[in-house]
Chemist: 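A single structure is presented below for examination.
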Amino acid sequence: MPELPEVETIRRDIAPLIVARRIESADAAGGPRYGRVAEAVGRTVRALARRGKYLLFDLEDRELVIHLGMSGRLFVASSAPASPHLRAEFGLEGGDSLCFVDMRKFGTLCIVRPGQYAAIPTLARMGPEPLSDAFEQTAFVRAVARQGPCIKAVLLAQKVVAGLGNIYVDEALHRSGIHPESRGIGRAQALRLHRAIRDVLTEAIEDRGTTFSLYRDGHLAEGRHYERLRVYDRAGRPCPACGSPIAKIRVAQRGTHYCPACQSAPLS
DNA sequence: CACGCCTCCTGTGCGC
DNA sequence: TGCGCACAGGAGGCGT
């Protein structure tokens with residue numbers, strides 16, 4: 001469940017601990033899912049970047065790409081934990097290990113040539129970073145105006161905007177008063193949604209992410225944003241804006257939380 | 001081509 | 001009390 005704020009928090013936590021250090025060993029347990037980690041050995045971590053929910057480790061002439069999936073944790077420890085869910089371990093010069101623990105195995109890890117993302121189609125076609133200038137209002141308004149899949153599916157697909165998952169999609173739609181099953185969003189609502197996406201992600205980063213159940217930051221601590229959620233995991237409880245009970249439905253195969261009073265039903 | 005549904009995975013929590 | 005099943009979901013993949 002790590003989404004952009006959680007992945008960014010982990011990036012900031014572990015970058016100072018690994019940048020400029022050489023990888024001296026690499027081990028993966030879990031079969032072909034985590035292939036070719038040995039190519040990291042002997043290379044130095046030059047930088048750690050993030051694109052959407054992907055972490056990108058600059059290893060000079062290689063790039064290590066990690067997606068945390070539902071339950072992935074990434075941290076630096078003096079020795080790897082005795083966890084049955086330890087999927088990969090990178091030994092760093094000086095004795096520490098970069099550890100990847102992932103209970104549900106939804107996470108992925110692969111090594112590619114820098115910028116060559118053909119094997120990772122979602123990353124290859126990733127939309128603009130929502131907290132950068134690349135997230136332009138005009139392009140966003142045009143993209144969500146199209147009569148296609150419902151707005152929740154559009155936001156989850158990573159193509160129009162990067163980094164949103166189930167929690168922050170529900171939160172951004174509530175803040176902008178848009179029903180999750182709406183299609184063809186008008187200009188005024190699209191601009192409110194654009195603003196809401198930036199606001200909710202910024203606030204969640206300030207809170208070091210949302211710990212709903214399994215998420216931990218780069219120091220294995222919980223995030224603090226859960227208590228500030230307005231709709232996610234709040235079915236039946238009062239909407240913080242109007243007091244109506246939050247509803248839970250199924251949209252795009254995802255549990256979807258919204259306020260029936262604040263987020264008007266889509267026309268159709 | 002694009003949309004929508006299925007699948008993977010395992011611990012948790014609830015209902016009977 | 002204990003068992004068993006539904007549920008949680010990001011993204012790849014496949015079928016329509």
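Both backbone and side-chain heavy atoms feed into the values below; hydrogens, waters and symmetry mates do not. Since this is a predicted model, take the numbers as computed values, not measurements.
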Chemist: What integer distance in Å separates M70(A):CE from dT10(B):P?
Modeler: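 For the pair M70(A) CE and dT10(B) P, the rounded distance is 13 Å.
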Chemist: Check whether any side-chain heavy atom of H174(A) lies under 4.5 Å from a side-chain heavy atom of C259(A), and answer yes or no.
Modeler: yes
Chemist: If an axis is fit to five pairs at each end of the helix from dA2(B)-dT16(C) to dC16(B)-dG2(C), what is the angle between the two, to the nearest 10°?
Modeler: 60°
Chemist: Holding to salt bridge (Lys or Arg N to Asp or Glu O under 4.0 Å), I want the full list of residues that pass it with R43(A), two or more places apart in sequence or in another chain.
Modeler: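 By the salt bridge (Lys or Arg N to Asp or Glu O under 4.0 Å) rule, R43(A) matches D61(A).
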Chemist: With heavy atoms under 4.0 Å as the rule, sort M103(A) into base, sugar-phosphate or nothing.
Modeler: sugar-phosphate
Chemist: Compare all side-chain heavy atoms of K152(A) with those of N166(A) and state whether any distance is below 4.5 angstrom.
Modeler: yes
Chemist: Tell me every residue that passes salt bridge (Lys or Arg N to Asp or Glu O under 4.0 Å) with R73(A), counting only those two or more places apart in sequence or in another chain.
Modeler: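 If we apply the salt bridge (Lys or Arg N to Asp or Glu O under 4.0 Å) test to R73(A), skipping adjacent residues, there are no hits.
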Chemist: Measure from CD on Q253(A) to P on dC5(B) and round the result to the nearest Å.
Modeler: 5 Å
Chemist: Under 3.5 Å, is there a donor-acceptor pair between the side chain of D58(A) and the main chain of E60(A)?
Modeler: yes
Chemist: Can F106(A) be said to stack with the base of dG9(C), given centres closer than 5.5 angstrom and planes under 30 degrees apart?
Modeler: yes
Chemist: Mind checking what makes side-chain contact (heavy atoms from CB on, under 4.5 Å) contact with H67(A), not counting sequence neighbours?
Modeler: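 Residues passing side-chain contact (heavy atoms from CB on, under 4.5 Å) with H67(A): K53(A), Y54(A), T108(A).
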Chemist: Answer yes or no: side-chain N or O of R254(A) and base N or O of dG10(C) forming a donor-acceptor pair under 3.5 Å.
Modeler: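 Side chain to base: pair found, below 3.5 Å.
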Chemist: When you compare the side chains of D233(A) and Y226(A), does any donor N or O come within less than 3.5 Å of an acceptor on the partner?
Modeler: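 Yes, because at least one side-chain N or O of D233(A) sits under 3.5 Å from a partner of the opposite role on Y226(A).
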Chemist: Roughly how many Å is it from OH in Y215(A) to P in dG10(C), rounded to a whole number?
Modeler: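 These atoms are roughly 15 Å apart.
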Chemist: Y168(A) has an atom OH; how far is it from atom P of dG9(C), in whole Å?
Modeler: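 Roughly 14 Å, once rounded to whole Å.
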Chemist: Tell me the interatomic distance from L214(A), atom CG, to dG13(B), atom P, rounded to whole angstroms.
Modeler: 10 Å
Chemist: Could you list by number each residue of residues 142-162 of chain A showing a heavy-atom separation from DNA chain B of less than 4.0 Å, or answer none if no residue does?
Modeler: R146(A), P149(A)
Chemist: Please determine whether a side-chain nitrogen or oxygen atom of K105(A) lies at a distance below 4.0 Å from atom OP1 or OP2 of dT10(B).
Modeler: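 The answer is yes; a side-chain N or O of K105(A) sits under 4.0 Å from OP1 or OP2.
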Chemist: For the side chain of P121(A), counting heavy atoms from C-beta on, which of dA11(C), dG12(C), dG11(B) is nearest?
Modeler: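 Nucleotide nearest to P121(A)'s side chain: dG12(C).
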Chemist: Atom CZ of F212(A) and atom P of dT12(B): how far apart are they, to the nearest Å?
Modeler: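 So the CZ-P distance, F212(A) to dT12(B), works out to 13 Å.
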Chemist: Expressed as a whole number of angstroms, how long is the span from R216(A):CZ to dG11(B):C1'?
Modeler: 13 Å
Chemist: Are the aromatic rings of H179(A) and Y258(A) close, with centres under 6.0 Å apart?
Modeler: yes
Chemist: Contact between I23(A) and T44(A) at the side-chain level, heavy atoms closer than 4.5 Å - yes or no?
Modeler: no
Chemist: Under 4.0 Å: is that the gap between some side-chain N or O of T122(A) and OP1 or OP2 of dG12(C)?
Modeler: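 Indeed, a polar side-chain atom of T122(A) lies that close.
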Chemist: Check the distance between dC7(C)'s P and I249(A)'s CD1 and give it to me in whole angstrom.
Modeler: 16 Å
Chemist: Closer than 4.0 Å, any side-chain N/O of H85(A) to the OP1 or OP2 of dG11(B)?
Modeler: yes
Chemist: Are R250(A) and dA8(C) close enough that a side-chain N or O sits under 4.0 Å from OP1 or OP2?
Modeler: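 Result: yes.
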Chemist: With respect to the side chain of Y232(A), which nucleotide from dG12(C), dA8(C), dG11(B) is positioned closest?
Modeler: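 Closest nucleotide among those given: dA8(C).
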Chemist: Could you check which of dG10(C), dG12(C), dA8(C) has an atom nearest any side-chain atom of Y54(A)?
Modeler: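 Out of dG10(C), dG12(C), dA8(C), the nucleotide with an atom closest to Y54(A)'s side chain is dG12(C).
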Chemist: In chain order, what residues pass the ring pair (Phe, Tyr, Trp, His ring centres under 6.0 Å) check against H257(A), with sequence neighbours excluded?
Modeler: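 If we apply the ring pair (Phe, Tyr, Trp, His ring centres under 6.0 Å) test to H257(A), skipping adjacent residues, the hits are Y232(A).
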